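Here is the structure we will look at.
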Amino acid sequence: MNMSTRIRRRHFLVGAGGTAVLGASGASVAILPAIAQDAQGGSLPSYADWKNPEAMVIHTELTLETVRDAIGTSVVTSNDVFFIRNNLNPPSEEVVQDRDAWEVSFEGVANPRTMTLGELKTLGLETVATIIQCSGNGRGLFDHDASGAPWRTGAAGCAVWSGVPVRAVAEELGGSVDGARFMTSTGGEELPEEVNRDEIVVERSVPLEAMENAILAFEMNGAPVPIAHGGPLRMIVPGYYGINNVKYVRTVAFTEEESTADIQVSGYRVRPVGESGAPDQPSMWDMKVKSWVIHPLMETTSGRVLIYGVAFGGTNPVERVEVSTDGGETWEDAEFTGPDLGRFAWRVFVLPAELEPGDYTVTSRATDSQGNVQEQTTEPNHRAYDYAGWDRLAVGVTVV
Amino acid sequence: MPYLVSMLTARVPVVVLALFTFSTGAAGGADEAMLELGRQVFLTTAEPPCGVCHTLANAEATGTIAPNLDTMRPTAEEVRNALMEGPGAMPSYADTLSDEEIDAVAEHVAAVAGAE
């Protein structure tokens with residue numbers, strides 16, 4: 001095995017969380033078929049061929065995961081390692097030939113109409129740092145065999161988005177109609193005529209109050225939003241799971257009721273294993289408090305070791321992170337490092353430790369400003385959404 | 001060493017997957033009639049038909065809105081799960097196709113995806 005292969009294999013296993021660990025709960029993490037995923041994936045799809053292949057686990061053409069330690073320590077996740085999850089195939093390059101010509105229709109306002117991105121850009125400008133995290137991040141850490149990509153930690157990234165505040169657009173158009181309770185965004189993918197629209201359209205409703213922080217983003221980390229990430233225009237709902245941040249947004253409506261699309265009615269609903277999705281179940285809206293270690297992973301040298309990772313509180317600021325090297329038996333406070341980019345961004349934390357040779361189970365536990373503490377374990381849910389338990393987010397580290 | 005152990009353990013599923021894929025192909029559990037039923041369901045019986053959204057060369061399906069199955073090359077089990085669940089934007093077929101039809105589509109897709 002040459003060095004290149006070794007590095008790739010190591011990254012792959014780390015990205016896939018392929019090491020069995022034993023948390024304080026006593027639950028060991030099954031070693032999942034990491035290599036089998038690689039066999040399904042292959043090379044980067046053409047719409048994302050500019051990604052760093054060493055940093056990506058390719059589950060399918062539409063599901064590309066960031067290797068666990070590739071998110072780095074600069075708070076912002078660079079575009080070339082940022083994960084991708086598209087529900088439908090992305091549109092062609094034509095949609096970014098003339099970005100300012102992209103049209104969006106606004107409904108459920110006093111004066112509904114269609115505006116180009118060029119027009120929208122005259123209404124306001126706002127920049128927000130927020131995490132985009134796929135609802136299924138951590139699916140691979142559950143034991144039940146839920147359909148979908150078996151993400152570990154890498155279906156999440158933190159980016160700085162610039163765009164037009166949705167509230168400024170609503171104001172320009174006379175305000176949302178009386179009785180509106182939701183903001184509903186629709187993706188611009190061209191759907192086959194033979195299919196009932198509600199069955200496959202990417203359309204998501206979020207509570208109206210989310211509009212206060214939402215922007216129609218045309219820039220991601222200083223670059224025009226790539227097609228792979230929803231360009232030319234993406235609805236960004238800070239603090240909400242990725243699915244609500246609708247790519248190629250074509251319509252924004254203020255509505256009394258939630259969308260009738262399957263992806264809203266029965267999709268992205270949290271329910272017990274074996275139950276069908278239904279509107280009375282919690283929707284995947286705002287994210288929960290979570291953190292994970294990105295260094296060290298697998299093996300390190302004895303002596304002084306910096307343990308670091310990322311932590312966030314969804315829509316609340318993250319206030320505290322503790323680190324354990326013994327699977328949750330004892331904890332020590334870590335310090336935040338780097339700039340605070342606001343309550344929707346994650347924070348990088350670090351804890352210096354003196355580690356003797358041996359085996360360690362390293363994990364972290366975050367607390368947000370409301371006192372919500374990251375859960376020890378995440379109870380199974382049918383679709384295996386958001387594993388946030390610190391038990392299985394732990395890494396087994398050998399110190400030599 | 002944990003690293004080596006991980007590597008060795010991780011190799012096992014490759015073999016398992018390879019055997020599994022083989023066993024679910026035309027030479028294994030699925031006979032010609034089943035594969036033909038799968039092709040029919042894929043193209044016409046399923047509502048909406050799979051081929052409207054997916055590309056699958058063997059079935060002359062050229063849908064472009066959903067993942068290209070020739071590139072994806074899913075296992076029969078993955079197709080079965082997807083049909084039952086309707087992950088992401090895909091509709092569930094659990095209530096509209098019989099177990100036999102779902103099995104047939106799964107075996108058909110696994111057998112022919114990427115073969116041409």
Side-chain angles (χ1 to χ4, degrees), chain A residues 1 9-10 12-13 16 18-20 31-42 45 60-63 85-89 136 145-149 187 189-196 198-203 243 261-263 266-268 276-277 298-299 359 382-383 396-398 400, chain B residues 1-21 43-44 46-55 61-75 77-96 113-114:
Chain A
M1 182 182 290
R9 178 67 51 80
R10 174 187 171 274
F12 196 85
L13 287 169
T19 306
I31 294 175
L32 296 157
I35 302 301
Q37 292 165 358
D38 193 33
Q40 292 169 30
T60 70
E61 283 185 312
L62 300 184
T63 48
R85 196 287 184 253
N86 260 40
N87 272 289
L88 298 173
N89 283 337
D145 191 20
S147 180
E189 296 93 343
E190 287 187 23
L191 308 178
E193 289 178 6
E194 302 93 320
V195 180
N196 176 349
D198 275 352
E199 287 186 319
I200 63 168
V201 69
V202 177
E203 184 171 273
I243 185 62
D262 286 359
I263 206 168
S266 56
Y268 295 87
S276 298
M298 303 195 78
E299 191 173 291
D359 292 325
H382 186 75
R383 296 290 300 115
V397 177
T398 298
V400 295
Chain B
M1 269 182 62
Y3 174 54
L4 288 175
V5 169
S6 297
M7 280 180 53
L8 290 170
T9 316
R11 283 179 188 283
V12 174
V14 182
V15 178
V16 172
L17 181 72
L19 290 172
F20 181 73
T21 304
L43 287 172
T44 57
E47 181 51 48
C50 316
V52 169
C53 295
H54 293 281
T55 286
T62 56
T64 57
I65 197 70
N68 180 325
L69 296 170
D70 288 317
T71 312
M72 193 179 190
R73 304 187 72 167
T75 64
E77 190 59 28
E78 287 167 342
V79 178
R80 195 174 287 112
N81 283 342
L83 288 165
M84 294 298 289
E85 286 298 334
M90 177 173 162
S92 165
Y93 291 84
D95 297 332
T96 56

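Order of the sequence lines fixes the chain letters, A, B, ..., with proteins taken first and strands second; residue numbering starts at 1 for each chain. Owing to the predicted nature of the structure, the values given are computational and were not obtained by experimental measurement.
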Here the gap from B/Glu78 atom CD to A/Asp145 atom CG, rounded to the nearest 0.5 Å, amounts to 9.0 Å
Between B/Gly88 and A/Asn87 the two heavy atoms that sit nearest each other are CA-OD1, 2.9 Å
Report task. Can you see which heavy atom on A/Pro192 is nearest to which on B/Val52, and at what distance? Result ->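 Residues A/Pro192 and B/Val52, closest heavy atoms: CB-CG1, 3.3 Å.
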Exercise for review: Between chain A and each of B/Gly86, B/Gly63, B/Ala66, count heavy-atom pairs under 4.5 Å; write down the option with the most.
Suggested key: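 Between B/Gly86, B/Gly63, B/Ala66, the count favours B/Ala66.
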Please check this pair: side chain of B/Asn81 against backbone of A/Ser147, looking for a donor-acceptor N/O pair closer than 3.5 Å.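 Not at all, since once roles are kept as given, no pair shorter than 3.5 Å links the two residues.
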Check: Measuring heavy-atom distances to chain B, does A/Ile200 have an atom under 4.5 Å in its side chain, in its backbone, in both, or in neither?
Finding: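 Interface part for A/Ile200: both.
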In A/Asn89, A/Val195, A/Leu191, the residue satisfying side chain to side chain contact (heavy atoms under 4.5 Å, CB included) with B/Cys53 is A/Val195
Assert top hit (heavy-atom pairs under 4.5 Å, partner chain B, pool A/Glu190, A/Glu199, A/Glu194, A/Glu189) equals A/Glu199
